[in-house]
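In listed order, ligands and their atoms are each counted from 1.
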Amino acid sequence: MTHKANSHIHLKLHVLASGSKGNASIVECADTGEGFVIDCGICKRDFFARCEEVGFDTQRIRAFFVTHEHSDHTKGLGVVMRGLAKQGIRPLLLTHPSIVRASSKVDEVVSQKLCDYVELAPNRIYQLSNVYVHPFSTSHDAAASFGFRFMYGQDALGYITDTGIVLPEAHNALLGVRILALESNHDICMLNEGDYPYDLKRRVQSDRGHLSNEQAADELAALLHVGLEQVVAMHVSQNNNTYRLPAQMLQRKINEAGYTTQVCVAYQDRAVSVG
Ligand SMILES: [Zn+2]
Ligand SMILES: [Zn+2]
């Protein structure tokens, strides 16, 4: 018996884009239609087109969360928020002050008052309507960086990308979720044999880089439980990975442990929804 089967009060995840060319996801409350955007590193046209494609009403955007300042997570923030402002929507923006300082894109939407800025700190719980959000620190080469646990009624969703390792506090925050969005960035062999410069190869593999397929599979194995219905492989590299490998590696761990968790992969150029 799962949380979803017990109640209509549940969360959905729409991944509009995922990967080093741009990231944006929306956590939606299925029964209220309210949405919480995580990162906005895609252009305005793609953002609105993919929201429509997945059936999410952008009028219902309540807040934006910014995980960290890298441009693949922030470059569309201004254009999308200006588009929303024209529709009379002024969302909350939750991020860390050092991310605002480190990103001209984030600083711009705060200083132009396109949003109501809320300072985010790790391990506090933020209540937005009936949704509770627990940000936790990730391990990444950014001024500050976060993953999130969203909670709504009995339902919970975990979201972690752009992290070189899964810190203990992140692991704890991801326990017991029904939907898990988990970075599975690169295949170590493809990265090492590929044509990235040496320094970049080292950076990607470092403790402050990105999770490999192997690391993602090990983390999934440690998080598997009977209520974990969906795992989504995130931030899959188009240079150092394939879309098939993360799915295979995650599926293998699920099979070994005898669970029925469904696996899907988030793409750079098209939207994926789970719920
Ligand atoms: Zn990224
Ligand atoms: Zn990053």
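A distance of 9.0 Å separates CD of Gln205 from CG of Asn240, quoted to the nearest 0.5 Å.
Remark: the Glu119 side chain and the His96 side chain contain no N/O donor-acceptor pair separated by less than 3.5 Å.
Atom NZ of Lys201 sits in a crowded spot, with more than 12 heavy atoms from other residues, nucleotides or ligands closer than 6.0 Å.
Residues Lys113 and Glu108 are not paired through a salt bridge, judged by the lack of any N-O separation under 4.0 Å between the basic side chain and the carboxylate. Of the charged side-chain nitrogens involved, at least one lies within less than 4.0 Å of a carboxylate oxygen, so that Lys253 and Asp218 count as a salt-bridged pair.
A search for ring pair (Phe, Tyr, Trp, His ring centres under 6.0 Å) contacts involving Phe136 returns nothing, not counting sequence neighbours.
Closer than 2.8 Å to the Zn ion (ligand 2) sit the protein N, O or S atoms His68 NE2, His70 ND1, His140 NE2, Asp162 OD2.
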